[in-house]
2 protein chains.
Amino acid sequence: MAKKEQFVSHITPRSEDFSRWYTDVILQTQMVDYGPVKGTMVIRPYGYGVWELIQKELDARFKSVGVENAYFPMLIPESFLQREAEHVEGFAPEVALVTYAGGENLAERLVVRPTSETMICEMFSRWVQSWRDLPMKVNQWCNVVRWEKSTRPFLRTSEFLWQEGHTIHETAEGAEEDALKMLEIYRELAEDVCAMPVFVGQKSESEKFAGAQSTYSMEAMMQDGKALQAGTTHNLGQHFAKVFNIQYLSKDGQLEYVHQTSWGVSTRLIGGIVMTHGDERGLALPPKVAPIQVVILPIAMHKEGVLEEARKLEDRLRKAGIRVKLDDREQSAGWKFNEWEMKGVPLRLEIGPRDLENGQATAVRRDTLEKFTLPLEGLEKAVLETLDKVQQGLYDRARTRRDERIFTVTNLEEMVEAVDVKQGFAKGMWCGDAACEAELKAKTGITTRNMPFEQEHLGDVCCHCGKPATRLMYFGKQY
Amino acid sequence: MAKKEQFVSHITPRSEDFSRWYTDVILQTQMVDYGPVKGTMVIRPYGYGVWELIQKELDARFKSVGVENAYFPMLIPESFLQREAEHVEGFAPEVALVTYAGGENLAERLVVRPTSETMICEMFSRWVQSWRDLPMKVNQWCNVVRWEKSTRPFLRTSEFLWQEGHTIHETAEGAEEDALKMLEIYRELAEDVCAMPVFVGQKSESEKFAGAQSTYSMEAMMQDGKALQAGTTHNLGQHFAKVFNIQYLSKDGQLEYVHQTSWGVSTRLIGGIVMTHGDERGLALPPKVAPIQVVILPIAMHKEGVLEEARKLEDRLRKAGIRVKLDDREQSAGWKFNEWEMKGVPLRLEIGPRDLENGQATAVRRDTLEKFTLPLEGLEKAVLETLDKVQQGLYDRARTRRDERIFTVTNLEEMVEAVDVKQGFAKGMWCGDAACEAELKAKTGITTRNMPFEQEHLGDVCCHCGKPATRLMYFGKQY
Ligand SMILES: [Zn+2]
Ligand SMILES: [Zn+2]
């Protein structure tokens, strides 16, 4: 037991310092490490494994709605970024510039993409001729650079990985439809794959993407009650099309500007998964994004038949499409329990001499730590069912925790109580005024999250400024 | 037929100008486009689709030998690159530098990775403690930047996509074994997947990777007889380990330096596929890397039952795991034939009223242009078998073409004749002297390709300088 305590003590308790807990967990589980340049991260195999599973789930969904992958150059002429006024204002403070290459100073400085709207617009404008070419839907999986002052692995780093989708359409309706459709795909990813409940809705004018007509987001609540904007989609309208001259010949023979969308999620999602499900023992990974879904621990490994049966089991589960690992290292069982609990593996199977006698394995769920036995016969099916239960169990727990922390508010005092004292989201009517929003943020640090598509009428006046209000808004402090 | 001629005339004949033929094909099939910054490329969906299939094939093979994916920061402190003397000398002329970020000039300039040995060494040195941690095998799929003066899409561009694998080992044997094992995986990819025959062997001292102890390569011959270095693996020995202080505690309790490898292939492979299999009509894609393996063309589409049967077929083939596309656009059949031939789709299936009557589809192989009928009953199996034949047919054709252009040479005159006049590779004994190699290159532009693992004894003196020689070398002009 001494070993166990020593082991667990590496992780700061959530209640003591949530932020340190987070950092302890992601570093000690070897999901990530700090890069040598300030603000950068190395995504280690255990973290990257989660990203690969997210990619696989998303990529299949993108393709099913007609999106194709492509790759656009990372270096963007500085002049491109400057063409759309809001866009440059939004991104200029964070850009990194290549000024020297191939042995000489460059005539024009090149921006390392913070996002690729401008680059892709330039290419769209070359590629589109007529309405027959529309809609055009491309996505790229890539790295982007945004030079942030204050960084934290996965959540905010100078470089991160993401996907960015870009579509162009004949009609305004076509663009709006896609912006919403892609948000629905993101919601499905968050809730059904990452087991992370989200509110989907529209961002305020001030909080929308630089250059967009409207921005939609999904907002998740972390265990400390803070909001994580976990994905956004943008209806760009014709802003960029006009600047980059993306025109097509319509069915009527007229030159028209396209209507456009863009949308992205990033490795930030990994941080969201950690902060949604983790506990004092470390990670708890939803089976659908767990690089290892089942770990098999042979108990009294050197007793006859144990290791042999464990290997058979590993093989059977692998053939059933389960991501399984047999841990046959020379460490104590207690040490291994802690290791795999910390790493958040959804299901642990122990197999020892007594299990062998009884034709069973001992199972422990990571989410509930519940211990039970499963017959070796038909184990594949039982394991798959248990993984489904863990997936659902993690979602339900997160959903309950979040729902308990949503507080309806009608004035500033209640808002501050909800967000700062009770550590949750405030839900209230909002006037829609950017000045009201800015004042709230300046005074309290509380920001508008989104206006959920599922609107409710809670009253007629703004919960902050008291002016007439018709929209429901979620408020919270953000990552 | 007028349309056909007009259409085909866009592509310069290979015999007239192979280089223009290549550019015509990759641009017109929409595999790629030029990026706005000189020397960069946009990989369009049809080209990226090939890359995705290459990735899938390689990634599974990497994982099967215990390699895990990770992601390392793209921006490397300039000082890292400078630590290994040969390495900096090799890469300095091509680097791009970020000098300004987040609103200010950086204290230390950052290199946009041309390759990641230095970055990964830094991390390895933090991660490795004891022999228990070894071997460590990581790979990343990413972009790299090398500012080249003379560029061509896929073959040589300022930015390209690749994978770079990095492993560290306890012993010299462990590193050597992996360098060879990964080369064998590359050979399998080239020959069995891309249908591109290669010579595998060791590079000369002058041609090895900057900082490596030894470099192995696979060398393919393009249709113009020029060599494409299609993939390399490096045994780095302890060069980087000593510079970056990657030490581990051995079983004997001694601090030892690790032995290291790195290895990579890039989007250059796509160019290799194009130049290996294409013809006057355009691309010819091996089924295993073809984004569309089968195109179904309904003939007399508006006749009863035709489109319906075509859709049924599409559905059946898709369910059989075949990448299939139904082209039901309102274009003439002739136009579509040309389009899909140009795009190199391995198999075309036509289905018209007469085919329906006879319970068959008309099939045309892209590699041979052979036309034949296939019964609709059991079509899935017949299509899969035909695709296998196309795959093999493309390989055999490329192999025959290459083998016919390998010429044994014993002196300079024969070498120039073989490479420049007969447009192939010269095969001859070589002295191993860097001065001999440099002189040959300066005089003729001919370079050493590799010393194949399958050595032959053709004589005792160097085919260039006449000095004693013990090794067989392939010589050629390179892309
Ligand atoms: Zn207000
Ligand atoms: Zn010689």
Side-chain angles (χ1 to χ4, degrees), chain A residues 30 33 35-37 39-49 51-52 68-77 80 92-103 106 108-110 112 119-120 122-123 126-127 132 138 140-143 145-149 157-159 161 267 291 329, chain B residues 30 33 35-37 39-49 51-52 68-77 80 92-103 106 108-110 112 119-120 122-123 126-127 132 138 140-143 145-149 157-159 161 267 291 329:
Chain A
Q30 304 191 342
D33 201 350
V37 175
T40 63
M41 66 175 161
V42 177
I43 308 180
R44 301 183 70 172
Y46 200 60
Y48 199 84
W51 183 237
E52 283 182 302
E68 295 182 301
N69 286 332
Y71 186 76
F72 295 84
M74 175 184 63
L75 298 175
I76 303 175
F80 279 24
E94 296 174 4
V95 298
L97 296 173
V98 169
T99 61
Y100 178 99
L106 296 174
E108 179 174 8
R109 306 195 297 184
L110 301 174
V112 183
M119 172 63 73
I120 293 177
E122 168 73 14
M123 301 314 296
R126 297 192 206 170
W127 294 341
R132 282 188 193 83
V138 297
Q140 72 175 346
W141 294 96
C142 66
N143 57 341
V145 169
R146 296 179 187 177
W147 216 259
E148 304 271 6
K149 301 284 177 207
T157 46
S158 300
E159 181 192 8
L161 301 182
T267 37
R329 290 176 297 176
Chain B
Q30 304 191 342
D33 201 350
V37 175
T40 63
M41 66 175 162
V42 177
I43 308 179
R44 300 184 71 173
Y46 200 61
Y48 199 84
W51 183 237
E52 284 182 302
E68 294 182 302
N69 285 331
Y71 187 77
F72 295 84
M74 176 184 62
L75 297 175
I76 303 176
F80 279 24
E94 296 175 5
V95 298
L97 297 173
V98 169
T99 60
Y100 177 99
L106 296 173
E108 178 173 8
R109 306 195 298 183
L110 301 174
V112 183
M119 171 63 73
I120 293 177
E122 168 73 15
M123 301 314 298
R126 298 192 204 169
W127 294 341
R132 283 189 193 82
V138 296
Q140 70 175 348
W141 293 96
C142 66
N143 58 341
V145 169
R146 297 178 187 178
W147 217 258
E148 304 271 5
K149 302 284 177 207
T157 47
S158 300
E159 181 192 8
L161 301 182
T267 38
R329 290 175 299 175

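Quick note: numbers below take in every heavy atom, side chains included, and nothing from hydrogens, waters or symmetry partners. Lettering follows sequence order; numbering is per chain, from 1.
Of all heavy-atom pairs between B:Val37 and A:Leu110, the closest is CG2-CD2, 3.7 Å. What you find for B:Val98 and A:Val112 is that their closest heavy atoms are CG2-CG2, 4.0 Å. Between A:Glu159 and B:Met74, the shortest heavy-atom contact is OE1-N, 2.8 Å. Of all the heavy atoms in B:Pro73 and A:Val42, the pair that sits closest is CD-CG2, 3.6 Å. In terms of heavy atoms, A:Gly102 sits closest to B:Trp147 at N-CB, 3.5 Å.
When the candidates A:Thr267, A:Thr99, A:Thr40 are compared by the number of heavy-atom contacts under 4.5 Å with chain B, A:Thr99 comes out ahead. Of all the listed residues (B:Tyr71, B:Tyr48, B:Phe72), the one sharing the greatest number of non-hydrogen pairs under 4.5 Å with chain A is B:Tyr71. Contact tally against chain B (heavy-atom pairs below 4.5 Å) for A:Cys142, A:Gly103, A:Ala101, A:Gly47: the top residue is A:Ala101. Heavy-atom pairs under 4.5 Å with chain B peak, among A:Ala92, A:Pro93, A:Pro36, A:Gly35, at A:Pro36.
Heavy atoms of B:Phe80 lying under 4.5 Å from chain A belong exclusively to its side chain. For chain A, the nearby part of B:Met41 is the backbone; its heavy atoms alone come within less than 4.5 Å. For B:Glu52, the part lying near chain A is the side chain, with the backbone staying farther off; criterion is any non-hydrogen pair under 4.5 Å. Only the side chain of B:Val138 comes within less than 4.5 Å of a heavy atom of chain A; its backbone N, CA, C and O stay farther away.
You'll find the side chain of B:Trp127 reaches within 4.5 Å of the side chain of A:Asp33, heavy atoms only.
Take A:Glu68 and apply the side-chain contact (heavy atoms from CB on, under 4.5 Å) test, not counting sequence neighbours, and it matches B:Pro45. With sequence neighbours left out, B:Arg126 forms a salt bridge (Lys or Arg N to Asp or Glu O under 4.0 Å) with B:Glu122.
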